[in-house]
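Notes for the one structure printed next.
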Amino acid sequence: LPGIYGRTSRGDVILFRPPETLRDIVTSSGSQISSTSLFVKRIVGLPGDRDVRLVEGDNDVVINGKAVLGPDRSLCADEPLRLIDRLLENGKGKNIEKLGDDEVYVLGDCKAVSV
């Protein structure tokens, strides 16, 4: 979408197809995810943001040295399949030095189920 990042703000809600890495984790656990499934996430990091860190243990996020403000993300029950933990095992998304010109950082509104 041309110019999409110029029209994007923190707090915007977006829909997108799940990344292949998460689809692989879901299918390897014996579950299924449709090719038409969509994720619903909130944008918290914008292109050029620095020092994006997912705080180990509580899944809070710090960007540019400041805690990300947003809705209460502790309203949902624990996720039984631990898909998010398995996605983040390799560290991808836990510590990002700088978001690229065409990257945003997104979170789900339920901390235990989605980051």
Side-chain angles (χ1 to χ4, degrees):
L1 299 170
I4 189 67
Y5 297 108
R7 300 187 316 256
T8 302
S9 300
R10 286 184 219 285
D12 287 355
V13 174
I14 61 170
L15 300 165
F16 62 96
R17 301 225 185 282
E20 185 175 338
T21 51
L22 187 56
R23 289 193 309 261
D24 291 346
I25 290 170
V26 171
T27 56
S28 71
S29 69
S31 297
Q32 295 182 4
I33 191 166
S34 165
S35 63
T36 59
S37 295
L38 293 174
F39 277 13
V40 179
K41 302 290 177 189
R42 188 175 304 276
I43 294 176
V44 296
L46 296 170
D49 278 348
R50 296 181 172 277
D51 189 27
V52 179
R53 291 185 297 114
L54 180 66
V55 179
E56 199 77 36
D58 64 10
N59 286 350
D60 285 338
V61 175
V62 174
I63 297 177
N64 300 322
K66 298 178 183 171
V68 172
L69 300 176
D72 182 356
R73 296 183 59 235
S74 60
L75 302 174
C76 301
D78 197 23
E79 178 199 20
L81 295 177
R82 309 302 311 156
L83 295 177
I84 298 303
D85 289 345
R86 291 166 57 195
L87 176 65
L88 295 174
E89 289 184 332
N90 66 1
K92 185 168 179 57
K94 287 186 178 182
N95 292 293
I96 300 171
E97 186 175 320
K98 181 181 178 187
L99 292 174
D101 292 339
D102 61 349
E103 295 179 318
V104 294
Y105 196 87
V106 298
L107 294 173
D109 283 349
C110 295
K111 188 189 297 192
V113 179
S114 178
V115 295

**Asked** Could you state the interatomic distance from CG (Asn95) to CG (Asp51), rounded to the nearest 0.5 Å?
**Response** 7.5 Å
**Item:** Result of checking Leu99, Ile43, Asp12 against Val104 for side-chain contact (heavy atoms from CB on, under 4.5 Å)
**Value:** Ile43
**Prompt:** Can you tell me how far CD of Glu103 sits from CG of Leu46, rounded to the nearest 0.5 angstrom?
**Reply:** 12.0 Å
**Item:** Results of side chain to side chain contact (heavy atoms under 4.5 Å, CB included) for Asn64 - residues two or more places apart only
**Value:** Arg10, Asp49, Arg50
**Fill in**
Looking only at heavy atoms, the pair that brings Pro18 and Ser37 closest together is CD-O, 3.3 Å
**Asked** Residues two or more places apart in sequence or in another chain: which of them pass salt bridge (Lys or Arg N to Asp or Glu O under 4.0 Å) with Asp24?
**Response** none
**Of all pairs that satisfy ring-ring contact (aromatic ring centres under 6.0 Å, His included), the ones with a partner from residues 14-37, not counting sequence neighbours** = Phe16-Phe39
**Prompt:** Under the side chain to side chain contact (heavy atoms under 4.5 Å, CB included) test, which residues partner Leu38, sequence neighbours left out?
**Reply:** Leu15, Arg17
